[in-house]
Amino acid sequence: MILRRKQVEAAGCGSRSTIYLRIEQGLFPRPVKLGARAVGWPAREVAAINAARIAGKSDDDIRKLVQRLHASRCDGAMP
């Protein structure tokens, strides 16, 4: 399932600016292109990031998680 930005915001990931700042910092996965002007995030990735934050993981741990999530997109595997 793909979540659009408003759904990601509603999931507790912050505002638009916070989401894109975290992407820039490596603390949130990059969006997936859905079309010429549309992007979204895999729900499982959003859930994984939220679970890591709730568990109190450090920023370095979350960056590693984001890297694993991106790598799993390329090979089709689950993190």
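Worth saying up front: this structure is predicted, and the values here are computed from it rather than measured.
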With [X] via side chain to side chain donor-acceptor pair (under 3.5 Å) - residues at least two apart:
X: Arg5; answer: Glu9
X: Ser15; answer: Ser17, Thr18
X: Asp59; answer: none
X: Arg16; answer: none

[X] vs [Y] side-chain heavy atoms within contact, under 4.5 Å:
X: Val66; Y: Gln25; result: no
X: Phe28; Y: Val46; result: yes
X: Ile23; Y: Pro29; result: no

Checklist entry - Any link between Val8 and Val39 through a network of hydrophobic side chains (Ile, Leu, Val, Met, Phe, Trp, Tyr) touching at under 4.5 Å? => result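 Result: yes, single cluster for both.
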Next on the checklist: Test of understanding: clusters of I, L, V, M, F, W, Y form through side-chain heavy atoms closer than 4.5 Å, transitively. Do Met1 and Ile19 belong to the same one?
Outcome noted: yes
Next on the checklist: Just verifying a value: how many Å separate Arg44 CZ and Leu3 CG, rounded to the nearest 0.5 Å?
Outcome noted: 12.0 Å
Item to check | From Arg53 atom CZ to Asp61 atom CG, the distance as rounded to the nearest 0.5 Å | outcome: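 The CG atom of Asp61 is 11.5 Å from CZ of Arg53, to the nearest 0.5 Å.
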Checklist entry - Would you find a donor on one side and an acceptor on the other, under 3.5 Å apart, between the side chain of Arg22 and the backbone of Cys13? => result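 Here the side-chain-to-backbone pair exists.
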Checklist entry - Which heavy-atom pair separates Arg73 from Pro42 by the least distance, and what is that distance? => result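 Closest pair (atom of Arg73, atom of Pro42, distance): NH2-CD, 3.9 Å.
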Item to check | Distance-minimising heavy-atom pair for Ala52 and Leu65 | outcome: CB-CD2, 3.8 Å
Checklist entry - How would you list, by chain and number, every residue that makes a side-chain contact (heavy atoms from CB on, under 4.5 Å) with Ala38, sequence neighbours excluded? => result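 Partners of Ala38 under the side-chain contact (heavy atoms from CB on, under 4.5 Å) test: Arg4, Leu34.
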Next on the checklist: Suppose we screen for salt bridge (charged side-chain N to carboxylate O under 4.0 Å, His left out). Which residues come up paired with Arg30, at least two apart in sequence or across chains?
Outcome noted: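 Residues passing salt bridge (charged side-chain N to carboxylate O under 4.0 Å, His left out) with Arg30: none at all.
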